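Taking it in order: structure first as structure tokens, then the write-up.
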Amino acid sequence: MSILLLSGSPAAPSSTGRLLDHVGDKLAALGHRYTRLNVRDLPAKALLHADFADLALKRAVDAVAEVEAIVIATPIYKASYTGLLKAFLDLLPQDGLKDKLVLPLATGGSQSHMLALDYALRPVLHALDARQVFTSIYATSQQLTWSDVSGLTVDQAIAWRVQAGVDALSAALHAQRKQPDQIFVASAQPVRLAR
Ligand SMILES: Cc1cc2nc3c(=O)[nH]c(=O)nc-3n(C[C@H](O)[C@H](O)[C@H](O)COP(=O)(O)O)c2cc1C
């Protein structure tokens with residue numbers, strides 16, 4: 001499986017989850033296959049106790065290891081990403097995102113914390129050795145409208161950012177598959193890795 005859609009929202013239904021589904025639809029339209037993991041569905045006690053013997057937890061950690069790319073989505077809670085997401089990221093090995101492409105995504109109640117992904121989550125993704133972290137996508141509740149009939153409607157500005165993020169991720173995936181030993185840096189020539 002090439003892409004994992006990971007949601008760190010404790011809520012259901014979840015605005016973050018709906019935006020993540022929307023990103024999944026866009027990726028599927030470009031021919032990509034993905035799996036979905038909601039951290040809230042993992043056994044809570046095992047997650048909080050970091051019980052690596054738990055099979056569901058082990059499968060979730062393995063799911064991260066197996067993919068080429070991850071779309072990590074979180075609501076903004078208290079000016080940061082959720083504790084639920086952190087509990088899961090803490091289970092990954094120190095280089096748990098090695099060679100992975102990562103697209104961060106968040107929903108928040110207002111524009112006040114639109115930089116939270118960049119000041120809080122991005123350093124963690126780099127500490128986990130992500131190969132490339134794309135420009136974050138942030139949407140407020142006002143920019144997302146849900147209808148049980150027509151589903152999710154996103155504001156034009158968000159639709160544009162989602163498409164740009166999906167296109168960048170898709171292009172990097174294609175490039176990586178063609179030349180797996182090169183790092184692609186935005187707007188720069190590929191750098192060949194020393195072996
Ligand atoms: C406990 C809690 C803390 C929150 N803190 C913030 C915050 O600091 N900044 C913000 O913009 N929104 C905040 N919000 C609003 C959520 O980020 C927003 O409603 C988000 O879209 C919820 O996504 P979800 O439906 O996936 O849970 C908070 C919501 C909750 C429940």
Side-chain angles (χ1 to χ4, degrees), residues 3-28 32 34-50 56-57 60-61 63-64 67 69-92 97 100 102-128 130 133-166 169:
I3 303 174
L4 179 68
L5 303 186
L6 176 67
S7 171
S9 175
S14 154
S15 304
T16 311
R18 287 168 175 159
L19 187 58
L20 187 58
D21 287 338
H22 177 68
V23 168
D25 291 345
K26 296 280 175 196
L27 286 166
H32 296 286
Y34 61 81
T35 48
R36 173 71 180 261
L37 173 62
N38 299 317
V39 180
R40 80 183 292 278
D41 295 337
L42 295 175
K45 187 174 172 191
L47 183 67
L48 290 178
H49 290 198
L57 227 52
V61 170
V64 171
V67 293
I70 310 182
V71 184
I72 296 188
T74 177
I76 301 303
Y77 277 11
K78 306 286 191 284
S80 188
Y81 62 98
T82 61
L84 185 68
L85 179 58
K86 186 67 162 75
F88 181 69
L89 293 177
D90 286 349
L91 298 176
L92 302 180
L97 296 179
K100 316 268 179 230
V102 184
L103 176 61
L105 182 76
T107 68
S110 74
Q111 296 284 3
S112 306
H113 299 122
M114 67 178 300
L115 293 180
L117 284 177
D118 293 328
Y119 64 66
L121 184 61
R122 188 173 288 266
V124 178
L125 302 177
H126 284 297
L128 289 167
V133 182
F134 295 91
T135 303
S136 308
I137 299 170
Y138 181 92
T140 64
S141 314
Q142 297 76 39
Q143 291 170 316
L144 305 172
T145 315
W146 175 259
S147 148
D148 287 338
V149 180
S150 50
L152 183 70
T153 304
V154 300
D155 266 20
Q156 194 52 45
I158 301 305
W160 187 87
R161 270 174 231 152
V162 165
Q163 196 59 56
V166 164
L169 177 56

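Counting starts at 1 for both ligands and their atoms, in listed order. Starting from 1, each residue takes its place in the sequence as its number. Note that the coordinates shown come from a computational prediction; the quantities given were computed from them, not determined experimentally.
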Just so I know, are the side chains of Ile3 and Val67 near enough to count as touching, which here means a heavy-atom distance under 4.5 Å?
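Side chain of Ile3 against side chain of Val67, heavy atoms only: no contact under 4.5 Å found.
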
Note the single closest protein heavy atom to atom 28 (C) of ligand 1, along with its residue, its atom name and the distance in Å.
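Minimum-distance protein heavy atom for atom 28 (C) of ligand 1 reads Ile76 O, 3.4 Å.
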
Sort out for me which residue in Ile72, Leu92, Leu89 forms a side chain to side chain contact (heavy atoms under 4.5 Å, CB included) with Val64.
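Filter result, single survivor: Leu92.
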
Would you name the heavy atoms of Gly24 and Leu5 that are closest together and state the gap between them?
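Scanning both residues, the minimum pair turns out to be CA-CD1, 3.7 Å.
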
Counting each atom of ligand 1 from 1 as listed, which ones have a heavy atom of [X] under 4.0 Å away?
X	answer
Thr16	23 (O), 24 (P), 26 (O)
Ser110	11 (O)
Ser15	21 (O), 24 (P), 25 (O), 26 (O)
Ala11	27 (O)
Ser9	24 (P), 26 (O), 27 (O)
His113	7 (C), 8 (O), 9 (N), 10 (C), 11 (O)

Using a 4.0 Å heavy-atom cut-off, which part of [X] comes near ligand 1: side chain, backbone, both, or neither?
X	value
Lys78	both
Ser14	both
Tyr138	side chain

Counting only pairs under 3.5 Å, give me each side-chain donor-acceptor contact of residues 103-111, with atom names and distances, residues two or more places apart or in other chains.
{"residue": "Thr107", "atom": "OG1", "partner": "Thr16", "partner atom": "OG1", "Å": "2.8"}
{"residue": "Ser110", "atom": "OG", "partner": "Ser112", "partner atom": "N", "Å": "3.1"}
{"residue": "Ser110", "atom": "OG", "partner": "Ser112", "partner atom": "OG", "Å": "2.9"}

Could you give me the CA-CA distance, side-chain angles and deciding distance for Leu91 and Leu47, then say whether side-chain contact (heavy atoms from CB on, under 4.5 Å) is met?
CA-CA 8 Å; Leu91 298 176; Leu47 183 67; 3.7 Å; yes

Heavy-atom distance to atom 18 (C) of ligand 1: which of Gly109, Ser112, Gly17 wins?
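The nearest heavy atom belongs to Gly109.
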
My understanding is that only residues two or more places apart in sequence, or in another chain, count here; which of them pass side-chain hydrogen bond (donor to acceptor under 3.5 Å, both in side chains) with Asp155?
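Residues passing side-chain hydrogen bond (donor to acceptor under 3.5 Å, both in side chains) with Asp155: none at all.
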
If I apply the N/O under 3.5 Å rule, does Ala79 come out as touching ligand 1?
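Yes - when backbone and side-chain N and O of Ala79 are compared with those of ligand 1, one distance drops under 3.5 Å.
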
